[in-house]
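Contents: one structure, followed by commentary.
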Amino acid sequence: MNQLRNSPAISPEAINMLVNAMGALTMAITRQLPPDQREDFADSLERYAQAGDRASDAGLRALLMELQSAARTAAREE
């Protein structure tokens with residue numbers, strides 16, 4: 001992660017694209033899990049988000065909350 005902080009600025013559009021791609025990957029992974037494990041996966045992402053919050057890393061927390069939301073959406077779809 002430190003390499004990203006020291007790299008040239010990334011445009012908001014590029015960040016949005018990366019977040020959307022990570023959300024799509026999270027949904028795809030969630031759909032591959034057995035149904036009884038999908039909510040647990042989302043719960044794990046939420047716990048990691050809370051850890052980011054405790055570490056005062058708002059960006060990490062926001063990203064992980066987006067990913068746990070994507071996982072919960074995918075878990076409910078099937």
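Any value given below was found using the heavy atoms of this structure, including those in side chains, with hydrogens, waters and symmetry copies removed.
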Could I get the full list of side chain to side chain donor-acceptor pair (under 3.5 Å) partners for Ser44, not counting sequence neighbours? Arg47
Asp43: which residues meet the side chain to side chain donor-acceptor pair (under 3.5 Å) condition with it, sequence neighbours left out? Arg72
Could you check whether atom CD of Glu66 has more than 12 heavy atoms from other residues, nucleotides or ligands sitting under 6.0 Å from it? no
Closest non-hydrogen atom pair, [X] against [Y]:
{"X": "Met65", "Y": "Ala49", "result": "SD-CB, 3.5 Å"}
{"X": "Ala42", "Y": "Gln68", "result": "O-CB, 3.6 Å"}
{"X": "Leu64", "Y": "Leu45", "result": "CB-O, 4.0 Å"}

Quick one: do Leu63 and Met27 end up in the same hydrophobic cluster if we chain Ile, Leu, Val, Met, Phe, Trp and Tyr together by side-chain heavy atoms under 4.5 Å apart? no
Kindly work out whether a path of hydrophobic side-chain contacts (I/L/V/M/F/W/Y, heavy atoms less than 4.5 Å apart) joins Leu60 to Tyr48. yes
Taking the side chain from Arg61 and the backbone from Gln50, do they hold a donor-acceptor pair closer than 3.5 Å? no
Looking at Arg31 and Ala74, would you say the former's side chain and the latter's main chain have a donor-acceptor pair under 3.5 Å? no
Report yes if some heavy atom in the side chain of Thr73 is under 4.5 Å from a heavy atom in the side chain of Thr30; otherwise report no. no
Does any non-hydrogen side-chain atom of Met22 lie less than 4.5 Å from one of Leu67? yes
Pro34: what forms a side chain to side chain contact (heavy atoms under 4.5 Å, CB included) with it, not counting sequence neighbours? Asp36, Gln37
Report, one line per pair, each donor and acceptor closer than 3.5 Å where one atom sits in a side chain of residues 12-19; sequence neighbours left out.
none

Can you list everything that forms a salt bridge (charged side-chain N to carboxylate O under 4.0 Å, His left out) with Asp40? Sequence neighbours excluded, please. none
